[in-house]
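What's counted below: heavy atoms across the whole structure, side chains too, no hydrogens, waters or symmetry copies.
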Amino acid sequence: MPTILGQNQYGKAENRVVKITRDGATHHIKDLNVSVALSGDMEEVHYSGSNANVLPTDTTKNTVFAFAKEYGIESAEQFGIHLARHFVTSQEPIHRARIRIEEYAWERIATSDANSKFIGADEVKHSFVRRGQEVRLTQITYDGEKWEVISGLKDLVVMNSTNSEFWGYVKDKYTTLQEAYDRILATEVSGRWRFNWTDDEQKMPHWEKSYEQTKKHMLQAFAETYSLSLQQTLYQMGARIINNRSEIDEVRFSLPNKHHFLVDLEPFGLKNDNEVYFAADRPYGLIEATVLRDGCEARIPVDLTNL
C-alpha cells in the first residue's frame, strides 16, 4: 500500500545553557533549557536518506551556546526569537522553526549586614539560591513571515484554605462524594498564554514585565475568587489576565485538583473541625480550559507537554 510522509520535524532537545552576566562585582544568572525543532524541505532525508538539506542537530546545539554569548539572554522570549529567526533565514530548506524554552529562576542569597563580624559580607553579589515556585516557559514559532509566541509556567502550587465550596453536582448510584461548603482548594498550575505580537512591524512586548504582571494577575484572581468550582476559578484567572494585559489574546490552563480530604478522627474520640486533612496524591480531578479575548480564535495546542 503506497505511503507518503506526513508532518515531520527534527532538532536538538533540552540544551541546558546557563549565562552569567558580570556587571562588575554584581552578577546576574539566566538558566535555560532550550529545545529546537526545525521543519521544511526534508522529504529526501526520509525517503532516500540524503542529508543534503539537513542541518545537523549538533549544529543547532552549538548555535544555542554561541547565541548566549553573541546576543546575551535578555529574556527567554527574546532569546528564542533570535534563534528562530536565524534558523529560518540562514538555511533555505528550513521553512519553520519552533523554539521551546524552560527557564529556572534564581534569586540572590541575603548576606550579613555591614555590622556583621564577617567583613564585607554585605557586598557579596554573586551568590544565589534556586527559586522553587515555578518553571517559566515559552514557545517561539517562526515561518519567515509571522511569529507566534506562547509563554507560560508550570509547577506553580497554590492553595486556598477556605472560601471554596463544591455542591449541587450530578449524583448517581456510584456517587459517594459528600457535598462541601468549606473546603481546601489547591492546584498545581500549568498555564500558557498567547501574545498578539505576530510580526516585526508591531511593537514588541516587554517580555519580563509581561511575565511578572501576568503571574501577578493570575495569583490575585486565584486568591480573590470565592470558588464554587475549580472551573470557576480557572475562568477568573484567565479573564483577569485578558482584561489586564492587552498584549495577550488567549490563555489556557491545566489545573489538577490537589484533593485534601478531612481525616476521620472520631475513632480517637476527637472532633475534626476543618483542621486535619489528608493530602491525596492520586487519582486527581483534572480541569482544563481556554479563555479567549472576544473575537479571537484559539491557537494554543491542547497538549504542549511533548518536546
Side-chain angles (χ1 to χ4, degrees), residues 30 32-35 73-85 96-105 131 133-143 145-158 187-225 227 230-256 287-305:
K30 281 290 187 179
L32 307 183
N33 187 20
V34 183
S35 293
I73 302 176
E74 177 184 324
S75 67
E77 288 85 356
Q78 188 65 63
F79 189 63
I81 288 169
H82 283 310
L83 287 169
R85 191 192 304 275
R96 183 176 182 269
R98 188 199 69 196
I99 314 296
R100 283 184 175 170
I101 299 177
E102 296 182 349
E103 179 175 347
Y104 312 113
R131 191 188 310 160
Q133 274 197 348
E134 83 273 6
V135 175
R136 180 174 168 178
L137 307 167
T138 192
Q139 173 177 291
I140 314 297
T141 306
Y142 182 54
D143 64 3
E145 296 181 0
K146 293 294 184 182
W147 296 94
E148 182 182 73
V149 181
I150 299 173
S151 294
L153 54 79
K154 66 177 182 178
D155 302 336
L156 181 66
V157 180
V158 293
T187 186
E188 183 175 306
V189 180
S190 177
R192 306 289 191 278
W193 44 89
R194 179 173 56 82
F195 293 90
N196 49 38
W197 179 80
T198 58
D199 65 64
D200 291 314
E201 300 301 316
Q202 295 175 264
K203 182 180 179 181
M204 188 179 293
H206 188 298
W207 305 113
E208 297 293 278
K209 180 180 179 182
S210 179
Y211 179 81
E212 293 170 3
Q213 291 296 306
T214 299
K215 180 184 173 184
K216 181 193 75 172
H217 290 301
M218 178 184 66
L219 289 177
Q220 287 178 342
F222 178 83
E224 295 168 8
T225 299
S227 179
L230 185 51
Q231 286 92 332
Q232 178 192 20
T233 298
L234 180 155
Y235 182 79
Q236 291 300 319
M237 291 164 64
R240 186 82 68 99
I241 293 170
I242 295 292
N243 290 333
N244 285 278
R245 302 307 305 174
S246 61
E247 72 274 22
I248 294 171
D249 280 350
E250 177 185 3
V251 182
R252 181 168 180 81
F253 286 117
S254 178
L255 303 182
I287 312 302
E288 300 177 296
T290 298
V291 182
L292 295 160
R293 189 177 302 281
D294 190 23
C296 295
E297 295 182 0
R299 296 178 185 170
I300 298 177
V302 171
D303 186 358
L304 271 179
T305 58

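- No hydrogens or angles considered: nothing links the side chains of Gln220 and Lys215 as a donor-acceptor pair under 3.5 Å.
- Note that CD1 of Ile81 and OG of Ser75 are 7.0 Å apart. Values are rounded to the nearest 0.5 Å.
- Crowding of Lys216 atom NZ: a count of heavy atoms from other residues, nucleotides or ligands under 6.0 Å exceeding 12.
- Contact annotation: the side chain of Lys154 approaches that of Leu137 to within less than 4.5 Å [non-hydrogen atoms, C-beta and beyond].
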Requested in this report: Take Val302 and Arg252, measure what side chain to side chain contact (heavy atoms under 4.5 Å, CB included) needs, and give me the verdict at the end.
Outcome: CA-CA 8 Å; Val302 171; Arg252 181 168 180 81; 3.5 Å; yes
Query raised in the report: Which is it for Tyr142 and Leu83 under the side chain to side chain contact (heavy atoms under 4.5 Å, CB included) test, yes or no, and what are the steps along the way?
Result: CA-CA 10 Å; Tyr142 182 54; Leu83 287 169; over 6 Å; no
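- Applying the salt bridge (charged side-chain N to carboxylate O under 4.0 Å, His left out) rule to Glu250 yields the partners Arg194; only residues at least two apart in sequence or on another chain are considered.
- The CZ atom of Arg98 lies 10.0 Å from the CD1 atom of Ile150; values are rounded to the nearest 0.5 Å.
- The two residues Gly238 and Phe253 make their nearest non-hydrogen contact at N-CE1, 3.6 Å.
- Annotation: cation-pi geometry not satisfied between Arg136 and Tyr104 (NZ/CZ under 6.0 angstrom from ring centroid, within 45° of ring axis).
- Taking the six-membered ring for Trp, Phe195 and Trp207 have ring centres closer than 6.0 Å.
- Using a 4.5 Å heavy-atom cutoff, the side chains of Met218 and Arg240 are not in contact.
- Pairing each heavy atom of Asn196 with each of Ser246, the nearest pair is ND2-O, 2.8 Å.
- In this structure, Thr233 contributes its side chain and Ser227 its backbone to no donor-acceptor pair below 3.5 Å.
- Contact of the Leu219 side chain with the Val158 side chain is registered, since non-hydrogen atoms from C-beta on lie closer than 4.5 Å.
- Taking 4.5 Å as the limit, some side-chain heavy atom of Ile248 sits within range of a side-chain heavy atom of Ile242.
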Report task. Mind running side chain to side chain contact (heavy atoms under 4.5 Å, CB included) on Leu32 and Ile73 for me, showing each step along the way? Result -> CA-CA 9 Å; Leu32 307 183; Ile73 302 176; 3.7 Å; yes
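- Within the 4.5 Å cutoff, the side chain of Val189 has heavy atoms near those of the Leu255 side chain.
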Query - Derivation and outcome, salt bridge (charged side-chain N to carboxylate O under 4.0 Å, His left out), residues Lys30 and Glu103 - result: CA-CA 8 Å; Lys30 281 290 187 179; Glu103 179 175 347; 3.0 Å; yes
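- The salt bridge (charged side-chain N to carboxylate O under 4.0 Å, His left out) search around Glu188 returns Lys258, not counting sequence neighbours.
- Summarising the geometry of Val291 relative to Leu234, their closest heavy-atom pair is CG2-CD2, 4.3 Å, with the distance given to 0.1 Å.
- Put simply, the side chain of Arg192 does not reach to within 4.5 Å of the side chain of Ser151, judged on heavy atoms.
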Query raised in the report: side chain to side chain contact (heavy atoms under 4.5 Å, CB included) between Thr198 and Glu145: does it pass, once the steps are laid out?
Result: CA-CA 9 Å; Thr198 58; Glu145 296 181 0; over 6 Å; no
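- For the residue pair Ser210/Glu247, the side-chain donor-acceptor check at 3.5 Å is satisfied.
- The side-chain heavy atoms of Tyr235 and Thr225, taken from C-beta on, include no pair separated by under 4.5 Å.
- Side-chain atoms of Gln202 come within 3.5 Å of backbone N or O of Asp199 as a donor-acceptor pair.
- Atom CZ of Phe79 is separated from atom CD1 of Ile140 by 11.5 Å, given to the nearest 0.5 angstrom.
- For the pair Met237/Ile241, no side-chain contact is recorded, criterion being any heavy-atom separation below 4.5 Å from C-beta on.
- No salt bridge links Asp143 with Arg96; every basic N to acidic carboxylate O contact stays at or beyond 4.0 Å.
- Taking CD of Gln236 as the reference point, atom CD of Gln232 lies at 6.0 Å (rounded to 0.5 Å).
- Residue Gly80 comes nearest to Ile99 through the heavy atom pair O-CG1, 3.7 Å, listed as atom of the first residue, atom of the second, then distance.
- Summarising the geometry of Trp147 relative to Ala84, their closest heavy-atom pair is CZ3-CB, 3.8 Å, with the distance given to 0.1 Å.
- Among all heavy-atom pairs drawn from Ala298 and Thr290, the shortest one is CB-CG2, 4.4 Å.
- Note that CD of Glu212 is 8.0 Å distant from NE2 of His206, once rounded to the nearest 0.5 Å.
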